Structures are given as structure tokens and as C-alpha cells.
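To start, the structure under review is shown below, and the notes come after it.
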Amino acid sequence: MSKPCIVFQSDFGLSTGLPASMTAVAVKVDPELRLYDLCHEVREYDIKAGGSILANTFPYWPDGTVFVSVIDPGVGTSRKSCVAKMDNGSYIVTPDNGTLSELIDRVVEVREIDETVNRLPGSDNHHTFHGRDVYGYTAARLASGQITYEQVGPAYDVASLIVFPKPEAYLKDGVCYGEVVGAHDHFGNVSISIPNEMIWSIGIHAGDQCRVTITKDGKILYSNQMMFHHSFGWVDPGEPILNECSNDFVELSLNKASFIEKELPELLSAYDLSSYKVKVEKA
């Protein structure tokens with residue numbers, strides 16, 4: 001029987017040896033482990049973005065997979081390191097800093113990592129690379145069967161996990177309201193908290209025209225009429241579209257271009273995306 005997969009994610013980038021160091025530790029623990037990379041180009045310090053990428057990918061990995069997600073601006077401080085047990089038997093090894101927000105409903109148990117036993121030998125005086133010294137090492141020991149989940153460390157209340165507020169999405173007078181939840185997609189699309197089904201419920205269907213308005217602190221930053229459709233290929237290159245996304249929510253796109261760079265470049269440097277409010281109405 002094959003051993004569980006370990007899937008690594010971080011904001012370390014690909015221009016350093018940091019991701020490879022996590023992999024190296026896992027290989028030394030057990031050369032038979034199956035090791036994969038999810039993403040190492042999460043925007044620096046962007047815990048929300050990392051959590052969203054993890055949540056969108058999580059359902060497609062086999063039950064029992066061990067995930068290591070390290071977007072950890074609080075490394076070396078008093079924040080907890082934990083392993084969350086999920087409802088499908090998978091585990092997520094991560095800082096308790098909001099990474100689990102979008103998967104919180106699937107967490108059945110959480111344990112704080114006991115670093116007196118679950119830490120790479122010889123790393124006690126290293127305080128800035130827990131991805132290698134604590135998370136990668138603990139994940140490998142757990143996946144290889146060298147420790148049980150109970151040996152990770154003491155359990156604590158799932159309700160005490162740090163989570164970000166759930167993005168708003170609601171209907172009012174036949175208009176959909178939500179907020180920006182992602183603005184650093186490789187293609188420059190803007191992810192929105194409004195579900196596809198909510199758009200359909202106000203009578204907007206594939207091929208219909210709608211008006212999208214984005215505001216911040218009550219100021220209109222963007223307002224435009226555009227098509228709503230299944231994907232961005234239904235408009236001419238460079239044209240905007242509100243399209244259904246594979247995560248069941250809508251997104252703003254430009255066909256063969258970056259919506260963010262052309263239409264709303266300030267999103268590139270924004271961390272508090274929830275302050276960007278979105279309104280969608282039938283044109």
C-alpha cells in the first residue's frame with residue numbers, strides 16, 4: 001500500500017532553495033514518500049491568498065493527503081503551529097494564523113505541534129524557517145507512520161482556530177452584492193465572493209448583459225456594462241467579461257489580458273481586498 005502524498009505550499013518563491021529544503025527534509029525522513037508542490041509563489045505574507053489556493057485545490061487530492069502550507073509572517077513568535085485533521089482523513093500542517101479559514105467547516109480536530117519532539121534535530125536555534133524545521137519534518141513523520149496524529153501534540157478547541165471573517169455575498173432588491181476575494185491570479189482576473197447561482201437567481205444568464213460596479217469607502221473605482229457568460233472566451237480579446245469560475249463563484253476577466261493591470265491596478269498592492277465592494281445588476 002502506498003504512503004500518503006505530501007503537498008507543499010509556501011510564499012517562498014522559486015528563486016531560492018527554500019522549497020527544496022522542505023522536500024529534502026521529507027526525503028531524509030522517508031525516501032518512499034510521494035512529494036508534490038502545490039504553489040510556492042503565493043504573494044509574500046498573503047495568508048488569505050494561500051488559504052484560498054489551498055481550499056480550492058484540497059478537494060482534488062486523495063483522502064489522507066498531508067498538506068504543508070507555510071505563509072507565516074509570524075514565524076518565530078508566539079503564534080501556534082498546528083496540524084488540522086480534516087473530515088476526509090487528510091491533514092493540514094500550518095501556522096494557526098488564518099490559513100484554515102476557508103476550510104474551517106471540514107476541520108474535525110486540531111493539535112498544536114509539540115516542538116520538543118516534532119522538530120528537525122539540530123534546528124533548535126533556528127527561528128525563521130519552521131517550514132523546513134517543524135512543518136516539513138512533522139508532515140513527513142506523520143505521513144510515513146513514524147508518529148500517530150495523537151503524537152503530534154496536545155489537542156485544542158477547533159473553535160479557537162484563527163479565522164478571517166467570511167466574505168459577504170447577499171441579494172437586495174434584485175441586485176447582487178459581494179466583495180473582492182482574490183486579485184493576484186496568474187491571468188490577472190478578479191475573484192468575487194458572489195456565487196454563480198446568485199447571479200442566475202436575479203435573471204442573468206449566459207449571454208446576458210450586466211453592470212458591474214466596484215467601490216471602496218463609498219467611492220466608485222470601476223463601473224462598466226459587460227457580458228456574463230461561462231468563460232472569458234465569449235468576448236473579443238481585450239474586452240471585459242463577468243464569467244463563471246470553476247470554484248462556483250464569479251470573476252472579472254479580460255479576454256487574453258489582465259483585468260487588474262488594465263482596469264484596477266491598485267489591487268496589485270492591496271492586502272485588504274474585503275474593502276473593495278462589488279455590485280452586479282442586470283443591465
Side-chain angles (χ1 to χ4, degrees), residues 1-42 50-51 53-54 57-58 60-77 79-97 99-100 103 106-156 161:
M1 182 177 179
S2 60
K3 295 180 179 179
C5 304
I6 298 182
V7 180
F8 293 99
Q9 173 176 268
S10 75
D11 59 350
F12 298 158
L14 295 174
S15 62
T16 72
L18 301 180
S21 295
M22 291 195 293
T23 302
V25 166
V27 171
K28 288 185 75 172
V29 168
D30 187 345
E32 295 182 359
L33 291 172
R34 294 177 293 158
L35 308 177
Y36 301 91
D37 292 311
L38 172 54
C39 178
H40 291 293
E41 295 195 337
V42 178
I53 293 170
L54 176 64
T57 308
F58 179 87
Y60 302 102
W61 287 92
D63 294 352
T65 296
V66 179
F67 297 86
V68 179
S69 184
V70 192
I71 295 86
D72 192 15
V75 63
T77 69
R79 63 94 185 91
K80 290 180 179 177
S81 296
C82 70
V83 181
K85 184 177 182 179
M86 312 304 287
D87 59 6
N88 66 345
S90 292
Y91 298 95
I92 300 176
V93 187
T94 187
D96 181 357
N97 61 4
T99 295
L100 295 167
L103 288 167
R106 301 195 63 173
V107 178
V108 296
E109 187 177 350
V110 62
R111 290 180 176 270
E112 183 173 6
I113 298 174
D114 181 355
E115 294 182 20
T116 64
V117 292
N118 292 310
R119 186 182 180 110
L120 182 67
S123 69
D124 292 356
N125 292 324
H126 300 156
H127 307 290
T128 61
F129 199 178
H130 285 181
R132 175 194 66 196
D133 300 335
V134 178
Y135 304 139
Y137 182 70
T138 300
R141 280 162 50 84
L142 183 61
S144 68
Q146 293 183 20
I147 59 171
T148 64
Y149 180 57
E150 290 70 25
Q151 290 174 310
V152 164
Y156 63 102
L161 282 166

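Computed from a predicted model, the values in this text were never measured in an experiment.
Counting all heavy atoms, side chain and backbone alike, I6 lies closest to A140 at CD1-CA, 3.6 Å. Between I71 and Q9, the shortest heavy-atom distance links the atoms CD1-NE2, 3.8 Å. Of all the heavy atoms in G13 and P19, the pair that sits closest is O-CG, 3.3 Å. The minimum heavy-atom distance between R111 and A155, with the atom names listed, is NH1-N, 3.6 Å. For the pair K3 and A143, the tightest heavy-atom approach, listed with the atom from each and the gap, is CB-O, 4.3 Å. Listed here is the closest heavy atom pair of G50 and V42: N-CG1, 3.7 Å.
The neighbour count for E150 CD, taken as heavy atoms of other residues, nucleotides or ligands under 6.0 Å away, is above 12.
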Take R106 and F58 through the test side chain to side chain contact (heavy atoms under 4.5 Å, CB included) and record every step on the way to the result. CA-CA 11 Å; R106 301 195 63 173; F58 179 87; 3.5 Å; yes

For the pair C82 and I113, evaluate side chain to side chain contact (heavy atoms under 4.5 Å, CB included) and give the outcome as yes or no after the intermediate values. CA-CA 5 Å; C82 70; I113 298 174; 5.6 Å; no

Going through the checks in order, is the side chain to side chain contact (heavy atoms under 4.5 Å, CB included) test met by M86 and V107? CA-CA 5 Å; M86 312 304 287; V107 178; 3.8 Å; yes

Test side chain to side chain contact (heavy atoms under 4.5 Å, CB included) applied to H126 and R132, step by step: CA-CA 10 Å; H126 300 156; R132 175 194 66 196; 3.4 Å; yes

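Ring geometry for Y36 versus W61: interplanar angle of 30 to 60°, hence tilted. Relative orientation of the Y91 and Y149 rings is tilted, given thresholds of 30° and 60° on the angle between their planes.
Between the NE2 atom of H130 and the OG atom of S123 there is a distance of 7.5 Å, given to the nearest 0.5 Å. D124 contributes atom CG, which lies 9.0 Å from atom CG of D133 (distance to the nearest 0.5 angstrom). Taking CD of Q151 as the start and CG of L142 as the end, the distance is 10.0 Å to the nearest 0.5 Å. Taking CG of D11 as the reference point, atom OG of S69 lies at 9.0 Å (rounded to 0.5 Å). Considering CD1 of I92 and CG of L100, their distance stands at 5.0 Å, rounded to 0.5 Å. A distance of 6.0 Å separates CG in L35 from OG1 in T23, rounded to the nearest 0.5 Å.
None of Y137, Y135, F8, F67 except one satisfies the side chain to side chain contact (heavy atoms under 4.5 Å, CB included) rule with V93; the exception is Y135. Shown are D72, L54, L161; of these, the side chain to side chain contact (heavy atoms under 4.5 Å, CB included) with T99 is made only by L54.
Side-chain contact between S144 and L33 is present, with heavy atoms from C-beta onward closer than 4.5 Å.
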